[in-house]
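Each remark here refers to the structure printed beneath this line.
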Amino acid sequence: MKLTLNWLKEFVDLRDAPEKLAETLTMAGLEVESLAPARAPDGSEDWIFELAVTPNRGDCLGVIGIAREIAALKAGRMKAPARKPAVQKANANAPVKVEIQSPRACQRYSAQAVESIRLRPSPDWLRFRLEAAGIRAINNVVDITNYVMVETAQPLHAFDLERLDAKRIVVRQAKEIATFVTLDEVERRLAPEDLLICDGDVPVALAGVMGGRDSEVHQGTTAVLLESARFDPATVRRTAKRLGLHSEASHRFERGVDPEGTVAALERAVALLQEIAGGNTFGGIIDRYPRPPAPAAIAVRHARVSEIVGVDIKPAEIEKNLKALGCKVQATKAALKVTPPTYRGDLTREADLIEELARVHGYDKIPSTLPRALLSGKPDARLRADRGVRSYLVGEGLVEAIHLPFTSADINRRFPGLLAGEKPVAILNPLVQESAEMRLSLVPGLIEDLKVNLAQRAEGFAAFALNKVFYLDTKDEPAERYHLAALLYGRRGRRGLRAEEAPFGFLDAKGLVEGILDGRGGEWSWNAADPPAFLHPGRAARLAAGRAELGYVGEIHPDLAEELSLGRCLTFELDFGKLLQYLSPELAVRSLPRFPSVERDLAMVVDDAFPAQRIIDWIKDLRNVLIEKVEVFDQYRGASIPEGKKSLAFSISYRAQDRTLTDTEVQTVHQELVARLGEVFGAQLRG
Amino acid sequence: MNESLERLKEEVAGRLSRSVSEAEVEQLRVEYLGRKGTVTGLLRGLKDVAPEERPQRGEELNRLRAFIEERIAGCLESLKAEKRSKALTEERVDITLPGSRRERGRVHPLTMVVDEIVDVFSAMGFEIARGPDIEDDYHNFEALNMPKDHPARDMQDTFFVAAERLLRTHTSPVQIHVMESRKPPLQIIVPGAVYRHDDDATHSPMFHQVEGFMVDRGIAFTDLKGVLTHVLRQIFSADARVRFRPSFFPFTEPSAEVDIGCVICDGKGALRDSHACRVCKGTGWLEILGSGMIDPEVFRFVGYDAEKFSGFAFGMGVERIAMLKYGVEDIRLFFQNDLRFLRQFPSF
Ligand SMILES: [Zn+2]
């Protein structure tokens, strides 16, 4: 809402300079967004105020409403209302009949015919104020309707009277009328519940939203019918929103106009038409007001005001301030009976009036207190886990990334997340088509980051994301999961003198996941079968706990990497929410062994595809109490090893709980193990 | 001591003092004290000395041997010390060279800000609650006193995923979820992502909020002021100026917008070069959070007795706070994950 200071001064004697007034308004909830000096066409000094009016204050979408607010805040005094033009009530000669068929959607409809108008540009002072208010000047008739709207917050519409053939205004729902051509010459499709102003059977305006092409004021107009109505806010809003026709008028109707203000606005417009456009009224004001609302009194309890605000606002102040806001106040024993003015449709409950009282009292005059402590806070397990895993990955050199969750259908097809076949959540009104779905996986976001950083000549890239992914569950309902994903590319970053780091490989990615699981108990298994299609089939694994799929780790498929113009990228993605459920909540520390262990190594030459874990699992399955630990520590292919084979080296740690093992004892057990491994796996062994 | 032994003693002392290496000293030890050494030879010749002279001669030779041994030990020690001190000089490193390490990662700056806010509230006994990003119309709007066709919905342009399903436009629906399942007293904060159909340098279609609320018997607007003033002074600075001004949110009444004195121009509205401060648009104040006393209508939706309980709620934008704290001018930087940006923040 924009207006000029001099316009305001027509209604209120101001106490303060413009800057001080702006401060007062801002601190009362009418935020002044800008204040700029201006010069009126007559050379006088003026100021342009821009106010942010909250949706509950439709009354402040007019100069008079703001003047009233200033008076209520004691920053000025309302002036006596100016001259009243002599307007007669409607008589038998009224040139137009008005009928409201939808009284719920149109509470009041007032109209006035004005003839002998000379259509021409408006005078400079009017154009200046209108343009200061952000409205383009068009011609004196249209400008006057807009001027009165900005002044009174009551939108007006002018029909060319001669183009209303039936001379019978009918306010009704569109129902069977399917289309209507608005004054911007666009044919609009109507919904049955849209409210129309019709001339007989012919629609001439979309009530409160936009007039029609065929009844618009035009070059040859000499007589108009001025409309000043109170339309139902929700009805106007639905139509305006559906058709994308937001206007100064619909904006005000949506916020509710004063049902008691329609006639005053008409009178003001008539006075201006007489003054500026040479118009003459004929037929008096037509006013249909089927069911004037009975103002309901609201009980305001002094004790309740103090309870909510926290300070004792004295009954006398309550009464005085409510009256200053235009309320009628009647004191009873239990409470004040308060009837708000008709232009404050937002005040319907005690809570609304308490807010008004706090506001007028001044928030800055209300002290600060600290509430009595509630000692019921609990630490948050998820927060601890999030912080823990972040700090681990940061220590490992990974940077945390945060992404918008939107992606394209194509990306979701390529990166379907942990469980193939899950359906993505689609956005009905995306900003752009490339972001029409919610991500199924965090990995594409990280790949985007990698590209951004490669374009900036980053040499290596290691990043992670801890965030939600979205999918449709088995009942096609949108659902969410909390994922952790990482992407590794190139070499690990180093600081200091130049030194070679090996490029990231599969084991680096797997190692990061193992680091998360380390010391957490739980039974995890890695499985090479059925890797996700976007991963290298030979360099990918799934992580599971029993039957529960927890995630995957692997190298991005070379075809896909090539398509994205990237080299080798390693990634992992975990269902972090689920993983947390499988982490043992309790830690039990074993006492340290009392007797030393003895280490023996063994190396086996096996087929290239033979998984090392099979040997470890087989040895563990022996459940030999002397075997404490088995680890693979080397894998070798090369000169001394035949084609298609590899050598795996294991270290086995032997220990007894009750004695120090002798060399011979260990030697016997170890030789037997080596011999059995040879039999079972047919491998060449060196023990 | 006879003259020849005296000469021998001087000769040894002289040669030892001129020797420059352990090997040279070792050589001298062999020459004088070794199996065929001079002193050893003299000792061996004792048997040929007249018996009455033998004790004295023996004692003299033993003293000579002890003297030589002592000198050799001393000589070796000083040579070793000299060598160590030379080595210490030679092994000196250039401490101005950079330390050698793997590059550490970074926590995202938005995470840092959320963590900081969460810690402030945790210290006051607030608990964390979370909710879905994909909400229904009821929790996001209806139960927050924003019925369909309410103009307040204009303030929150919405992404829809189905007729009644949407990406939450604020974290406030979590208020409803919590109050539906729990009874007061409650003091809760809700960090999370929210979505608006908007995209430019100051608006991102996704951003983050921290919502909070407190409900109990006898909670008043003065408490809202007290708690939020305390929190903002923790987040910004202990002497931050805080102001509350009336505003409108459908789910609070009274509602308040909370401003802090501009951190860029120090609340003056103008910079040192007397140009108006762009960040606060010359007002000296920055809008930092929205708040208010929870509307009785919201309590009605969750089945609380508004005559018995009262409470306040608030919400703050994480990106906005991060932008102000770190002087970031374009919100989109937070989501481009450019390492040149992220690495400007400390690693813990
Ligand atoms: Zn500033």
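Reckoned from all heavy atoms, side chains included, excluding hydrogens, waters and symmetry mates. From a predicted model like this one, the values you see are computed outputs, not experimental measurements.
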Region of A:A358 in contact with chain B, defined by heavy-atom distances below 4.5 Å: side chain

Specify whether B:F221 and A:Y363 have parallel, tilted or perpendicular ring planes, treating 30° as the upper limit for parallel and 60° as the lower limit for perpendicular. tilted

I'd like to know if the side chain of B:H197 and the backbone of A:N429 have a donor-acceptor N/O pair within less than 3.5 Å. yes

The interface call for B:S255 against chain A, heavy-atom contacts under 4.5 Å, is both

Are any of the side-chain heavy atoms of A:L428 and B:V161 separated by less than 4.5 Å? no

Identify which part of A:K468 has an atom lying under 4.5 Å from any heavy atom of chain B, answering side chain, backbone, both or neither. side chain

Check whether any side-chain heavy atom of B:M206 sits under 4.5 Å from a side-chain heavy atom of A:P405, and report yes or no. yes

Is it the side chain or the backbone of A:P430 that comes within 4.5 Å of chain B heavy atoms, both, or neither? backbone

Engaged part of B:E135 at the chain A interface, taking heavy atoms whose separation is under 4.5 Å: neither

Contact origin within A:A28 toward chain B - heavy atom pairs under 4.5 Å: backbone

Does any donor atom in the side chain of B:S310 or A:E307 lie under 3.5 Å from an acceptor atom in the other side chain? no

With only heavy atoms counted, which part of A:D346 is less than 4.5 Å from chain B, the side chain, the backbone, both or neither? neither

Salt bridge between B:K281 and A:E33, side-chain N to carboxylate O under 4.0 Å? no

Heavy-atom distance under 4.5 Å to chain B: side chain of A:Q456, backbone, both or neither? side chain

Region of A:R304 that comes under 4.5 Å of a non-hydrogen atom in chain B: side chain

Please flag which part of A:E356 lies under 4.5 Å from any non-hydrogen atom of chain B: side chain, backbone, both or neither. neither

A:E477 atom CD, neighbour heavy-atom count above 12 within 6.0 Å: yes

Under 4.5 Å from any heavy atom of chain B, what part of A:T26 do you find: side chain, backbone, both or neither? both

B:D223 (side chain) donor-acceptor with A:R372 (main chain) under 3.5 angstrom: no

Using atom types as modelled and distance alone, determine if a side-chain donor or acceptor of A:E480 lies under 3.5 Å from a backbone N or O of B:D133. yes

Do A:L466 and B:H108 touch side chain to side chain, with heavy atoms closer than 4.5 Å? no

If the threshold is 4.0 Å, N to carboxylate O, is there a salt bridge linking B:E307 and A:R301? yes

Quick one: are A:R349 and B:E297 in side-chain contact, heavy atoms under 4.5 Å? yes

What I'd like to find out is whether the side chain of B:S247 reaches to under 4.5 Å of the side chain of A:T54, using heavy atoms alone. yes

Quick check: does any side chain N or O of A:N453 sit under 3.5 Å from a backbone N or O of B:N337, one acting as donor and the other as acceptor? yes

Nearest-0.5 Å distance, CZ of residue B:R165 to CD1 of residue A:I427: 14.0 Å

